[in-house]
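Along the sequence shown, residues carry numbers from 1.
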Amino acid sequence: MKSVYKITLLFGITILVSSCHNNAAPNYQYFPNMYESVGYETYAESNAFKNGKEGQLPAEGSLDRGTEPYEYENSTAGYESAKANLKSPLDSIGKDLEKGKELFEIYCATCHGNTGNGKGKLVEREKFLGVPSYKDRVITEGSIFHIVTYGINSMGSHANQLSAQERWIVADYVLKLKSEL
């Protein structure tokens, strides 16, 4: 009988001690601001910066995450410079004609046609007119990349749909189509 009382007493003390401990709030915090940071409202006044505003403009010369710098401007001079000087960074392993064909059929073939003859579905239905055949143009990999990046005339930019590497793959595929015409 004494052991039953001892077990009951031990069980009661264990429950009492465990109920007083709170894992969510430690007793002592060294540098509490590291655990519970001060939240600032984006456009609220604050003394954190010199101008008193919390929301700041990006630093001059900074780039958005994921963007790659492209030094040729969107002008005729930039196009001519890219046409003459811009070379593909892809090596023989990076040139993937199957991926280029797939991307070309998704983004380009509706206007330029599957063979690059300028007779895509939208041209046949007379939605766009004057889409050139690759056979009629003097194009280089740099000029193709520049046009896909910035667009020209009725063709808009595809830089937001295709990464730089994908644009180079498409340029390589376009040169393949030009050689077959």
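Atom-to-atom distance recorded for K176:NZ and K95:NZ is 13.5 Å, nearest 0.5 angstrom. Annotation: the span from I144 atom CD1 to I139 atom CD1 amounts to 4.0 Å, rounded to 0.5 Å. Taking CG of L9 as the start and NZ of K6 as the end, the distance is 10.0 Å to the nearest 0.5 Å. For the atom pair OG of S3 and CG of L10, the computed distance is 12.0 Å after rounding to the nearest 0.5 Å. I106 CD1 to K101 NZ: the interatomic distance, rounded to the nearest 0.5 Å, is 12.0 Å.
Between F145 and T140, every side-chain heavy-atom pair lies at or beyond the 4.5 Å cut-off. Using a 4.5 Å cut-off on side-chain heavy atoms (C-beta onward), H146 and Y70 make contact. Between W168 and D172, every side-chain heavy-atom pair lies at or beyond the 4.5 Å cut-off.
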Atom pairs and distances, side-chain donor-acceptor, residues 111-138, under 3.5 Å, sequence neighbours left out:
residue : atom : partner : partner atom : Å
N117    : OD1  : K119    : N            : 3.0
S133    : OG   : K135    : N            : 3.3

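Judged by distance alone, with hydrogens and angles left aside, the side-chain atoms of S62 form no donor-acceptor pair with the main-chain N or O of P58 at under 3.5 Å. At distances below 3.5 Å, not a single donor-acceptor pair connects side-chain atoms of E180 with backbone N or O atoms of L177. Looking only at distances, a side-chain donor or acceptor of N51 sits under 3.5 Å from a matching main-chain atom of K53.
Other residues, nucleotides and ligands place no more than 12 heavy atoms under 6.0 Å from the CZ atom of F11.
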- Message: side chain to side chain contact (heavy atoms under 4.5 Å, CB included) for L86 and E141? Distances and angles first, verdict last.
- Response: CA-CA 7 Å; L86 191 58; E141 57 190 357; over 6 Å; no

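Remark: Q161 pairs with Y107, H158 by the side chain to side chain contact (heavy atoms under 4.5 Å, CB included) rule, at least two apart or across chains.
Between the side chains of E73 and S75, at least one donor N or O sits under 3.5 Å from an acceptor N or O.
For Y150 and Y72, the ring centers are positioned 6.0 Å apart or more.
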